[in-house]
Amino acid sequence: ETLWRALPAEFLGTAVLVFCGVASALAWAGQQPPVLQVALGFGLAVSAASLFTQGVGAGHLNPAVSLALLVGLRISPLRALLSALMQSLGSIAACALLQALTPPQVRGELGLSKPSAGVTQIQALVVEVIVTFQLVLCVFVISHKENHFEGSAQVALGVSVTLGHLVAIRYTGCSMNPARSLGPAVVTSNFSQHWIFWVGPLLGGVLAAIVHNSLLTPKRFRCGDCLSMWKTDAEPEHKVEARP
């Protein structure tokens, strides 16, 4: 029951995140918005979306986060797969709605993720790995059962997303989230170099899970831990709700 309530919440939360974030990046009056505006747009959107999805065990809002939680044995493979699917659909729906509501001269590429001029694919990939790495590390620390963030968890996540955008916007437009990049790519039918924004964030998330569980908070996993995570109703050791 919890899983089937969480999946629509993943759809809704990701849709709100992508709609608000991408809308903040549109070029009105022919002028690109300041980097700080876009960074705050995505950061605040993540804080809001993670807040209203926290009550149903959802709020990953990002396939890289879902994969990292799977690698960290916090959720089952089925939950990770279905969450990523709903996140992707939410992003596509949000971008389709945004395109319908936005004047043609303002839409542009609808916040399409792509390397900036002069930035190579490898450079863009590494930047995406790094900014997603710091985001997912924050997710793991905040969602740990002994964290002391309480009501400030959503603020901390928003700060992490804002930081990632301040760093990466000039390089790649900043994704940190494959679902966020998928929506504009589908709606504009432009998948040029799109692989970067799946491989980079997913790799960054996996690396963050490994570093957290082996270095920052070492934990010895037993075979039973791995097997239990194949059950969708397995009780996780840590809280994972309300984390983008």
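Remember, it's a predicted structure, so these values are computed and weren't measured experimentally.
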**Asked** Counting N and O atoms only, with roles assigned by atom type, does the side chain of S47 sit under 3.5 Å from a partner on the main chain of G43, one being a donor and the other an acceptor?
**Response** yes
The side chain to side chain contact (heavy atoms under 4.5 Å, CB included) partner of V71 among N213, L207, V206 is V206
Between the CG atom in N177 and the OG atom in S91, the distance rounded to the nearest 0.5 Å is 7.5 Å
Nearest heavy-atom approach of P184 to S181 is CD-O, 3.5 Å
(request) Check the pair C95 / V18 against side-chain contact (heavy atoms from CB on, under 4.5 Å), numbers first and verdict last. (result) CA-CA 7 Å; C95 288; V18 173; 3.7 Å; yes
Query - Q87 side chain vs E10 backbone, donor-acceptor pair below 3.5 Å - result: no
Of all heavy-atom pairs linking Q32 and A27, the shortest is NE2-CB, 3.6 Å
Working note: F19 + L101, criterion side-chain contact (heavy atoms from CB on, under 4.5 Å); need CA distance, chi angles, decisive distance, verdict. CA-CA 11 Å; F19 184 93; L101 296 176; 4.0 Å; yes
When every non-hydrogen atom of V22 is compared with those of F42, the smallest separation belongs to N-CZ, 3.6 Å
inquiry  = Hydrophobic clustering (ILVMFWY, side-chain heavy atoms < 4.5 Å, transitive) - are L70 and V65 grouped together?
reply    = yes
Closest non-hydrogen atoms of G164 and V131, given as atom of the first, atom of the second and distance, are O-CG1, 3.8 Å
- Task: Using the rule that two of Ile, Leu, Val, Met, Phe, Trp, Tyr join whenever any of their side-chain heavy atoms come within less than 4.5 Å, decide whether L166 and V119 are in one cluster.
- Result: no
_Sidechain-backbone polar pair: Q134 side chain, S160 backbone, donor-acceptor under 3.5 Å_ = yes
In sequence, state the C-alpha distance, the side-chain angles, and the governing distance for L182 and F191, and then conclude on side-chain contact (heavy atoms from CB on, under 4.5 Å).
CA-CA 9 Å; L182 180 63; F191 291 91; 4.2 Å; yes
ask   = Are more than 12 heavy atoms from other residues, nucleotides or ligands located less than 6.0 Å from atom CD of Q105?
value = yes
Rounded to the nearest 0.5 angstrom, the CG-CG distance for L26 and L110 is 6.0 Å
_Classify the ring geometry of F140 against H212: parallel below 30°, tilted from 30° to 60°, perpendicular beyond 60°._
tilted
Closest non-hydrogen contact found for R74 with S143 is NH1-OG, 2.5 Å
Heavy-atom nearest pair, T53 first then A9, reads CG2-O, 3.6 Å
Requested in this report: Using modelled atom types only, decide if a donor and an acceptor are shared between the side chain of H194 and the backbone of N190 within a distance under 3.5 Å.
Outcome: no
Value for CD1 (I92) from OG1 (T14), rounded to nearest 0.5 Å, stands at 11.5 Å
Around atom OH of Y171, are there more than 12 heavy atoms of other residues, nucleotides or ligands at under 6.0 Å?
no
- Please answer: with hydrophobic residues joined when any side-chain heavy atoms are less than 4.5 Å apart, are I130 and F197 in the same cluster? no
Rounded to the nearest 0.5 Å, the NE2 atom of H60 sits from the CZ atom of R79 at a distance of 6.0 Å
| query | Okay, side chain of T120, backbone of Q123: is any donor-acceptor separation there less than 3.5 Å? | reply | yes
>> With a 3.5 Å distance limit and no angle check, can you tell me whether R107 reaches the backbone of T102 through a side-chain donor-acceptor pair?
In response: yes
(Q) Quick check: is W198 connected to V127 through a chain of hydrophobic side chains (ILVMFWY, heavy atoms under 4.5 Å apart)? (A) no
Separation between CG (L202) and OG1 (T132), nearest 0.5 Å, reads 8.5 Å
*Quick one: do V129 and V199 end up in the same hydrophobic cluster if we chain Ile, Leu, Val, Met, Phe, Trp and Tyr together by side-chain heavy atoms under 4.5 Å apart?*
no
(request) Indicate whether any N or O donor in one side chain lies under 3.5 Å from an N or O acceptor in the other, for S83 and S66. (result) no
In this structure, CE of M176 is separated from CD of E128 (nearest 0.5 Å) by 8.0 Å
I'd like to know if the side chain of Q37 reaches the main chain of P34, judged simply by a donor and an acceptor atom lying under 3.5 Å from each other, with no hydrogens or angles considered. no
Carefully, step by step, assess V139 and L157 under the rule side-chain contact (heavy atoms from CB on, under 4.5 Å). CA-CA 7 Å; V139 170; L157 292 172; 3.9 Å; yes
Are the side chains of S113 and R180 in contact, using a 4.5 Å heavy-atom criterion? yes
